Chemist: 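Quick one: the structure is below, questions incoming.
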2 protein chains.
Amino acid sequence: MHTDLDATFAALADPTRRAILTRLAAGEATVTELAAPFAMSQPAISKHLRVLERAGLVSRGRVAQRRPCRLEAGPLRDVTAWLAAYRDHWAERYQHLDDLLDELRTAEQTEPGGGTP
Amino acid sequence: MHTDLDATFAALADPTRRAILTRLAAGEATVTELAAPFAMSQPAISKHLRVLERAGLVSRGRVAQRRPCRLEAGPLRDVTAWLAAYRDHWAERYQHLDDLLDELRTAEQTEPGGGTP
DNA sequence: CCGATATAAAACCTCTTGGTTATTAAACCG
DNA sequence: CGGTTTAATAACCAAGAGGTTTTATATCGG
């Protein structure tokens, strides 16, 4: 179930791509909408989107000629999980929160609800 | 006060470097100690360490001919902070945990000394 | 001082990245 | 039908990343 951390981190290492994700956090957008803020050609943005897509951070629908992009934040969860192992190195006094989180999480897992695909 | 997210994410995008960080989470280590597990030349590891160092993830002391490396997890905190903005996208039902975390955090800040070692 | 140990530096190679422009493909509109 | 919009593809290029081997630099231990 691992996302590919290599691909995820590499995708996140580019400021343009992070900006795209930030934009997508506000809702779906087409390629030209995403390209607008950047001083960069449309193919360049398409390439960035392909990187994000291969990292699983973005998915695309199809509406007429448009390819609306949507944020898929699943990989970010895996990144967070990886980072968790180091949390006590930068905030030792909060390390017990990990256990707290786990408790709450498993508690909430017992009662079913909507989930991400 | 921002760490350079570009550099941090790029540093984390390599599995060798992540393995090095994992190793360093267990305590300081010299370059040759770090290099040992990898089927890779010593200069290659030195290069990886330089990347980690420039990203602020590793600092080095000097003991005789040895350059002991130590984990500096500060940048990971900034990564986590950046990721936090997307948390409700991958686990909406847990979003209230953010507030919970903040509550606990400030609560612990008000009463000093009572924390975990 | 001499040799071994530990690490960095240099020079080099190849593959990837991030960008470009020009072209193609598909679906809309009139 | 023909033209316009939206996006992907292709071909190309410069720069960087990740690796190598070889060489240099400190520093220890006799």
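Chain A is the first sequence line, chain B the second, and so forth, proteins listed ahead of strands; every chain is numbered from 1. Worth knowing before you read on, the calculation uses all heavy atoms, side chains too, and leaves out hydrogens, waters and symmetry mates. Being a predicted model, the structure only gives us computed values, none of them experimental.
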Chemist: Are the side chains of A:Asp14 and A:Val51 in contact, using a 4.5 Å heavy-atom criterion?
Modeler: no
Chemist: Please state whether the phosphate of D:dT9, meaning OP1 or OP2, lies under 4.0 angstrom from any side-chain nitrogen or oxygen of A:Arg50.
Modeler: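 Answer no for this pair, as no side-chain N or O of A:Arg50 is under 4.0 Å from OP1 or OP2.
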Chemist: Send over the distance from A:Phe9 CZ to D:dA17 P, rounded to a whole Å.
Modeler: 18 Å
Chemist: Please check if the side chain of A:Glu33 supplies one atom and the backbone of A:Thr30 the other of a donor-acceptor pair under 3.5 Å.
Modeler: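 Answer holds: yes.
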Chemist: Which nucleotide sits closest to the side chain of B:Arg17: C:dA8, D:dA8, D:dG18?
Modeler: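 Closest of the options to the side chain of B:Arg17: D:dG18.
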Chemist: Starting at CG of A:Asp6 and ending at C1' of D:dG18, how long is that distance when rounded to a whole Å?
Modeler: 13 Å
Chemist: Before accepting this row, confirm whether a basic side-chain N of the pair B:Arg54/B:Asp4 lies closer than 4.0 Å to the acidic partner's carboxylate O.
Modeler: no
Chemist: Using a 4.0 Å heavy-atom cut-off, write out nucleotides 19-30 of chain C from 5' to 3' as B (base contacted by protein), S (sugar-phosphate only) or - (no contact).
Modeler: BBBB----BS--
Chemist: So how far is it from A:Arg62 CZ to A:Arg67 CZ, rounded to the nearest 0.5 Å?
Modeler: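 A:Arg62 atom CZ to A:Arg67 atom CZ measures 3.5 Å (nearest 0.5 Å).
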Chemist: Atom CZ of A:Arg60 and atom P of D:dT6: how far apart are they, to the nearest Å?
Modeler: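 Roughly 16 Å, once rounded to whole Å.
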Chemist: Check the distance between D:dT6's C1' and A:Ile45's CD1 and give it to me in whole angstrom.
Modeler: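 Atom CD1 in A:Ile45 sits about 14 Å away from atom C1' in D:dT6.
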Chemist: CG of A:Leu52 versus P of D:dA7: gap in Å, rounded?
Modeler: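 Value for this atom pair: 16 Å.
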Chemist: Using whole Å, what does the distance between atom C1' of nucleotide D:dT20 and atom CZ of B:Phe38 come to?
Modeler: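 Those two atoms, CZ and C1', are 17 Å apart.
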Chemist: Quick check against the 3.5 Å criterion: does B:Arg17 have a side-chain atom that pairs as donor or acceptor with the backbone of B:Ala10?
Modeler: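 Looks like yes, one N/O pair under 3.5 Å.
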Chemist: Considering just the side-chain nitrogens and oxygens of B:Thr32, establish if one lies under 4.0 Å of OP1 or OP2 belonging to C:dA6.
Modeler: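 Indeed not, no polar side-chain atom of B:Thr32 lies that close.
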Chemist: Which heavy atom of B:Ser59 sits nearest to which heavy atom of B:Glu72, and what is that distance?
Modeler: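 Shortest heavy-atom separation between B:Ser59 and B:Glu72 comes out as OG-OE2, 3.0 Å.
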